[in-house]
Undergrad: 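The structure is given below, and queries will be raised subsequently.
Note that the coordinates shown come from a computational prediction; the quantities given were computed from them, not determined experimentally. By convention in this document, chain letters (A, B, ...) are assigned in the order of the sequence lines, proteins followed by strands, and residues within each chain are numbered from 1.
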Amino acid sequence: MSKEPVQMEQIVSLCKRRGFIFQSSEIYGGYNGFWDYGPYGVRMKRAIEQLWWNFMVETRTNVEGLDSTVICHPKVWKASGHIDQFSDEMTDCKDCKNRHRVDQMEDPTTCPACGSKNLTEPREFNLMMKTYVGPIFDEDHVAYLRAETCQPIFVDFHQVRVASRQKLPFGIAQIGKAFRNEITPRNFTFRSREFSQMEMEFFCEDENAMEWYEYWRDQRLKYYSEELQFTADDIRTHDHDKLAHYAKAAMDIEFKFPFGWGELEGIHHRGTWDMDQHQEFSGQDLQYMDHDNQRKVTPTVIETSVGVDRTFLAVLCKAYDDEEIKEGESRLVLRIPAKIAPVQAAVLPLSKKLSEPAEKLFADVGKYFRSEFDVTGSIGKRYRRQDEIGTPFCITYDFDSAEDDAVTVRNRDTMEQDRVNVTELRAYLDKKING
RNA sequence: GCGAGUGUAGCUCAGUUGGUAGAGCAUCACGUUGCCAACGUGAUUGUCGACGGUUCGAAUCCGUUCACUCGCUCCA
């Protein structure tokens, strides 16, 4: 059953039509690089975040959570290198139209691509979003929106450690918004200017760092295969040969998007770079006292950093299936894993006459699963509507239901139905959805 | 940001040499239907991306701008 590879336009169109994602500020013509999650989108986005949180935090004793502010003391970004490193001088060649980083050019007056000297004045491109804190808008009150969620984790390391009574090795995880003035937002939500990250910084001793690096790489790959059901065709890893200034080892987990391979997650061995920087800039002692060995160590950091919006997009691309049912008839179905589907169970009365008892059933199902009630249109029509938003189970209340206290549960992928007693419905769905 | 392309109802698109907008799907109502896009009748929807100009008259011509797609660049 080979199918046409999905195109980005189809994903964008579906997202808009069914209320997953639409452009920010659309009535004003939109705003480049900003996207809103609609009713189904926010359900699935939160489910993805919850899935990651459960996997990374709730099911472990050695990872703690944090929810820090978007705006931090400006020195945080000075220490992290973002204010300097995120700021590139760029020049455009007026002849061959290529853009170059001035610091990477052998001769800043000559275009490396075509040799022309007809270049624009170097202009600074800083990716940090700037704002002011306090009512006075001058240079002394400049602040930045965080460009990544991990820096506040380093900054709060000691507070979290003391409060949670953790010893090395342990991790701190955070989900939240980050902001970057991307030069070119592109590929729908893949690269936007406001986005959500799910990051975990694992603090350990340097001797064991590579082992932890490998451990977290394996854990994260397990998450993609077992939790998100991505296969070897969807996912590949890519080891960095050129390392960033802070990294000792680094790899990406990439997903095969319609527009090509794109990074979902980065796993980095950051050494003691961040902790050293914050120690230096804050003047505070950020070392960890290892009482067992009577020594102080600066923790080494292993980072796992995921883009929520990218995960969301990957799930949709993978799930999208325009399936041919018979000659000339197809159904659009999103084969989203049940755990993160925006609607996990739709309650549908077979006929409008059955609305009242069906609504009672819906009230009960809705307590335990993300659910929806729909009475408009034929039953087949309503199944197709649910297929389109990836609802794994449709519960149909029919004319026998009052008699036998049972309903049919229709499976999205197989389109087959089970007759399930209402008293067993919760357990039935729970097993199918949560395993 | 630079270069190229695109921009008409929620979606996909039509709109002839400038004469103030249509189709299919979707949505909603009523009837019908009783488990996979049925059908019938009716209804809603657009300052033709935005602003400005030329013209008696602009979706159609010109300018600017915004957004999207592709390339350069960058990254979670």
Undergrad: Could you tell me whether the side chain of Arg43(A) and the main chain of Arg370(A) form a donor-acceptor pair under 3.5 Å?
TA: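 No, because the side chain of Arg43(A) does not come within donor-acceptor range (under 3.5 Å) of the backbone of Arg370(A).
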
Undergrad: Looking only at side-chain N and O atoms, does Lys381(A) come under 4.0 Å of OP1 or OP2 in A26(B)?
TA: yes

Undergrad: Looking at U27(B), I'd like to know if its phosphate oxygens (OP1 or OP2) sit under 4.0 Å from a side-chain N or O belonging to Arg385(A).
TA: yes

Undergrad: Is it true that Tyr37(A) and Phe312(A) have ring centroids separated by less than 6.0 Å?
TA: yes

Undergrad: Over how many whole Å does the gap from Phe190(A) atom CZ to U69(B) atom P extend?
TA: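 Computing the Phe190(A):CZ to U69(B):P distance gives 13 Å.
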
Undergrad: Once you apply a heavy-atom cut-off of 4.0 Å, does Leu264(A) come out as touching a base, just sugar-phosphate, or nothing?
TA: sugar-phosphate

Undergrad: Among C75(B), C70(B), A37(B), which nucleotide sits nearest the side chain of Arg384(A)?
TA: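 Comparing C75(B), C70(B), A37(B) against the side chain of Arg384(A), the answer is A37(B).
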
Undergrad: Looking only at N and O atoms, is any donor in the side chain of Arg191(A) or the base of C74(B) less than 3.5 Å from an acceptor on the other one?
TA: yes

Undergrad: Is there a donor and acceptor pair, one atom on the side chain of Ser13(A) and one on the base of C11(B), closer than 3.5 Å?
TA: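 There is none.
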
Undergrad: Taking U8(B) as the reference, what is the distance to G53(B) when you measure between their P atoms (whole Å, please)?
TA: 24 Å

Undergrad: If I pick the P atom on G31(B) and the same atom on A67(B), what distance separates them, to the nearest angstrom?
TA: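 Approximately 48 Å lies between the P atom of A67(B) and that of G31(B).
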
Undergrad: Pick the C1' atom in C48(B) and in G18(B), then give their distance to the nearest Å.
TA: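 Roughly 14 Å separates the two C1' atoms.
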
Undergrad: Donor-acceptor pair under 3.5 Å: do we get one between Arg17(A)'s side chain and the base of C25(B)?
TA: no

Undergrad: Hey, does the side-chain of Glu254(A) have a donor or acceptor N/O within less than 3.5 Å of a partner on the base of A76(B)?
TA: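 Answer no: no donor N or O sits under 3.5 Å from an acceptor.
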
Undergrad: For the side chain of Arg180(A), starting at C-beta, report the closest nucleotide among A76(B), A37(B), C11(B).
TA: A76(B)

Undergrad: Determine whether any donor atom in the side chain of Lys353(A) lies under 3.5 Å from an acceptor atom in the base of G34(B), or the reverse, and answer yes or no.
TA: yes

Undergrad: At less than 3.5 Å, do the side-chain atoms of Tyr383(A) and the base atoms of C35(B) form a donor-acceptor pair?
TA: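 Side chain to base: pair present.
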
Undergrad: Considering only atom C1', compute the distance from A58(B) to C51(B) and round it to an integer number of Å.
TA: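 One C1' to the other, the span is 15 Å.
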
Undergrad: Looking at Arg310(A) and Phe190(A), would you say the former's side chain and the latter's main chain have a donor-acceptor pair under 3.5 Å?
TA: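 Here the side-chain-to-backbone pair exists.
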
Undergrad: Distance check needed: C36(B) P versus Glu323(A) CD, whole Å only.
TA: 15 Å

Undergrad: Whether Asn181(A) contacts C74(B) is assessed here as follows: a side-chain N or O lying under 4.0 Å from the phosphate OP1 or OP2. Is that the case?
TA: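 Indeed not, no polar side-chain atom of Asn181(A) lies that close.
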
Undergrad: With ring pair (Phe, Tyr, Trp, His ring centres under 6.0 Å) as the criterion, how do Phe179(A) and Phe34(A) come out once you've worked through the C-alpha distance, each side chain's angles and the decisive distance to 0.1 Å?
TA: CA-CA 10 Å; Phe179(A) 303 82; Phe34(A) 297 91; 8.1 Å; no

Undergrad: Out of C28(B), C75(B), C35(B), which nucleotide sits closest to the side chain of Thr408(A)?
TA: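 Nearest nucleotide to the side chain: C35(B).
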
Undergrad: Side chain of Trp35(A): nearest nucleotide among C68(B), C36(B), C75(B)?
TA: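 Per side-chain heavy atoms of Trp35(A), the pick is C68(B).
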
Undergrad: Determine: side-chain N/O of Asn187(A) to OP1/OP2 of U69(B), distance under 4.0 Å, yes or no.
TA: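 For U69(B), neither OP1 nor OP2 has a side-chain N or O of Asn187(A) closer than 4.0 Å.
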
